[in-house]
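Report on the structure given below.
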Number of protein chains: 2
Amino acid sequence: MVTSSSAQQAPGAAQDGLVDALARAAFTTMAVLTKAAADNDLSLTQLRVLAILRDRRLRMTALAGYLGLEKSTMTGLVDRAEKRRLLQRAPSASDGRAVDVFLSPEGAELAGRLTTDIVHALSPLTSKLAPAERRLLQTLLEQMLSPHDS
Amino acid sequence: MVTSSSAQQAPGAAQDGLVDALARAAFTTMAVLTKAAADNDLSLTQLRVLAILRDRRLRMTALAGYLGLEKSTMTGLVDRAEKRRLLQRAPSASDGRAVDVFLSPEGAELAGRLTTDIVHALSPLTSKLAPAERRLLQTLLEQMLSPHDS
DNA sequence: TATTGTTATACTCTATAACTATA
DNA sequence: TATAGTTATAGAGTATAACAATA
């Protein structure tokens, strides 16, 4: 089944093998990301927040949109990260109701360190491929992830 | 950064682009899996349990091992799934302390339906690739995920 | 003594609903 | 009236520590 290791090909479902490989790659990659986060006492969601805010300053609602979460969920999430001095809140200049969220210097520093950690942690996987294969894999993934609608 | 969309190449870190693509593919795939689970009132963890038990009968501790969770976490997880008639518990025949967990008929039926749902939900992505590209992507992912240690 | 599973407890993540303050 | 964010509340997922039963 998908997400498991057995790839039983249903007749006519020629994508099962790829779907299975994608699911397994996803779980493996997520495990690496989760561990990199846990090693720094972060949840996967907190890791994503740091990644998203690395080059952006967003309102609470916009951040919720990026994460696919409810705005009420953001309050606690940002509260905890702010208490740890990773994020900062500031009232929006243009809208009295809105609150901007952005990385603190410490948060930016941690985000940078996490990037390095993750690249290193994934290298046992990526190094199984030759350079040309890595480029090919990257190209195929990007093509698959591209927003093009054709 | 990794997990975000901006791929800033650090000098010498030639894997950043691939790591970014892997992370984005992981989040996209996990989003599909999470939605397929949520559409059936399951968490991602419950989905994984169904997938793992699809062709296995495991003890609580072994199941915890597959999931990378503590055994104490399994109790509640299995409790809830058992209450919904998706899983069943039975005392181990060989060890009086152990408890076997396995899919109920309803659980197996749901696991099968989920597989179909996921393949369909991922098809907008996979269909962006030509058949030969899909096979190539699958091969590269499998090579990367292979347990070989060279 | 060591292992298997459960229980007790606590914290994070998440959602829904109700609230406030701005627009 | 509608939107931005918070608060209150509740449930799932997770871990640690202590425990009972069995090995």
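The basis for the numbers below is simple: all heavy atoms, side chains too, and nothing from hydrogens, waters or symmetry mates. First the proteins, then the strands, lettered A, B, ... as listed; each starts at 1.
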Does [N] have OP1 or OP2 sitting under 4.0 Å from an N or O in the side chain of [X]?
X	N	answer
A/R89	D/dT6	yes
A/S72	D/dT6	no
A/S92	D/dA4	no
A/T73	C/dT14	no
A/T45	C/dT14	yes
B/T61	C/dT3	no

Side chain of [X] only, please: which of [options] is the nearest?
X	options	answer
B/R80	D/dA4, D/dA12, C/dT7	D/dA12
B/R97	C/dT3, D/dA12, D/dA17	C/dT3
B/T75	C/dT7, D/dT6, D/dA23	C/dT7
B/L69	D/dT14, C/dC13, D/dG5	D/dT14
B/D95	D/dA23, D/dG13, C/dT16	D/dA23
B/L77	D/dT14, D/dT22, D/dT16	D/dT14

Query raised in the report: For atom CZ of A/R113, is the number of surrounding heavy atoms from other residues, nucleotides or ligands below 6.0 Å larger than 12?
Result: yes
